[in-house]
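Structure first, then comments.
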Amino acid sequence: MTAQLDAARTYVAALLSHDGDSVPYAPDAVRYEVGLKTGFSGNHLRRSLSRGPQFRVICDIREESYRVEGDEVVADYLIDAGLFGRKLVTAHVHETFLIPADDPRIHRIDAKIRLVGRDNLIRRE
């Protein structure tokens, strides 16, 4: 497994564990979700993962797949979200991480999130 892949997998695991300190972010890391900037620095992203209420609703991550394409790692996975132990929704997450091979820290994340339909088919971009 490459250091690039390790960095992306650590990020995805931290969505569930809320351990933002475990994620190797570059100081100037940014995150975009459907085109909107939602992460402004490595420290901001760490704090969000550790304490952000938007991540507290995640109750499972499954069907993960990753591929390395040069300085990018592309991840696809399903997130189950809910409250009080009850799953309410499943979403398909497609994230592209900029993680240079010579600096295996996350520099940028571009995320696309789509709800999984009732028929359990994932809508593709």
Side-chain angles (χ1 to χ4, degrees):
M1 193 176 323
T2 69
Q4 292 166 289
L5 195 52
D6 286 342
R9 286 179 185 237
T10 299
Y11 169 85
V12 173
L15 293 172
L16 194 56
S17 71
H18 313 297
D19 181 10
D21 291 333
S22 67
V23 181
Y25 290 114
D28 60 347
V30 292
R31 182 176 187 276
Y32 289 86
E33 190 171 314
V34 291
L36 299 173
K37 194 172 191 178
T38 59
F40 300 92
S41 71
N43 285 335
H44 176 252
L45 288 162
R46 255 184 219 96
R47 283 191 309 273
S48 292
L49 270 179
S50 296
R51 297 190 295 263
Q54 70 273 30
F55 299 112
R56 297 291 173 183
V57 297
I58 297 172
C59 50
D60 195 20
I61 297 174
R62 56 194 169 87
E63 297 184 32
E64 297 172 59
S65 69
Y66 299 86
R67 68 184 183 278
V68 178
E69 298 177 353
D71 284 341
E72 294 183 339
V73 176
V74 179
D76 285 283
Y77 53 94
L78 297 178
I79 284 182
D80 293 325
L83 294 170
F84 309 111
R86 182 177 172 155
K87 182 177 91 169
L88 300 174
V89 67
T90 298
H92 172 254
V93 180
H94 175 86
E95 288 184 309
T96 303
F97 298 87
L98 175 60
I99 306 171
D102 62 349
D103 180 12
R105 296 179 294 170
I106 297 170
H107 290 255
R108 180 181 172 115
I109 305 168
D110 287 285
K112 294 179 183 175
I113 302 168
R114 300 271 188 256
L115 293 179
V116 174
R118 291 179 191 215
D119 57 0
N120 286 330
L121 295 177
I122 298 172
R123 294 189 326 209
R124 297 284 177 197
E125 288 83 37

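Hydrophobic clustering, with ILVMFWY side chains joined whenever heavy atoms are under 4.5 angstrom apart, groups I113 together with I109. Hydrophobic cluster membership is shared by L16 and L49, with clusters built from Ile, Leu, Val, Met, Phe, Trp and Tyr side chains linked at under 4.5 angstrom. Hydrophobic cluster membership is shared by L88 and V57, with clusters built from Ile, Leu, Val, Met, Phe, Trp and Tyr side chains linked at under 4.5 angstrom.
A distance of 11.0 Å separates CG of D110 from CD of E33, quoted to the nearest 0.5 Å. Note that CZ of R47 is 11.0 Å distant from CG of D21, once rounded to the nearest 0.5 Å. Annotation: the span from D60 atom CG to L15 atom CG amounts to 12.0 Å, rounded to 0.5 Å. For the atom pair H107 NE2 and F97 CZ, the distance stands at 13.0 Å (nearest 0.5 Å). Within the model, atoms CG of D71 and CD of Q4 stand 6.0 Å from one another, a figure rounded to the nearest 0.5 Å. The CD1 atom of I61 sits 8.5 Å away from the OG atom of S17 when rounded to the nearest 0.5 Å.
Salt bridge annotation for E64-R9: absent, with no cationic side-chain nitrogen under 4.0 angstrom from a carboxylate oxygen.
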| task | Run the numbers on Y25 and R105 for side-chain contact (heavy atoms from CB on, under 4.5 Å), then give the verdict. | result | CA-CA 5 Å; Y25 290 114; R105 296 179 294 170; over 6 Å; no
| side-chain contact (heavy atoms from CB on, under 4.5 Å) evaluation trace for V74 with H94 | CA-CA 7 Å; V74 179; H94 175 86; 3.5 Å; yes
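In plain terms, the two heavy atoms of A29 and I106 that are nearest each other are CB-O, 3.3 Å. Scanning both residues, G39 and L45, for their nearest heavy atoms gives CA-CD2, 3.6 Å. Residues V73 and A8 approach most closely at CG1-CB, 3.7 Å, considering heavy atoms. Of all the heavy atoms in P24 and A7, the pair that sits closest is CG-CB, 3.6 Å. When all heavy atoms of T38 and H44 are compared, the pair lying nearest together is O-CE1, 3.3 Å. When all heavy atoms are compared, the tightest approach of Y11 to V23 is CA-CG2, 3.9 Å.
R56 CZ: more than 12 foreign heavy atoms inside a 6.0 Å radius. Within a 6.0 Å radius of CZ in R86, other residues, nucleotides and ligands contribute 12 heavy atoms or fewer.
Between Y66 and V12 the shortest side-chain heavy-atom distance falls below 4.5 Å.
Side chain of T90 to main chain of V116: no donor-acceptor pair is present (N/O by atom type, distance under 3.5 Å, no hydrogens or angles). Between the side chain of E95 and the backbone N or O of Y77, no donor-acceptor pair lies under 3.5 Å. Panel note: side chain E72, backbone T96; no donor-acceptor pair is recorded below 3.5 Å.
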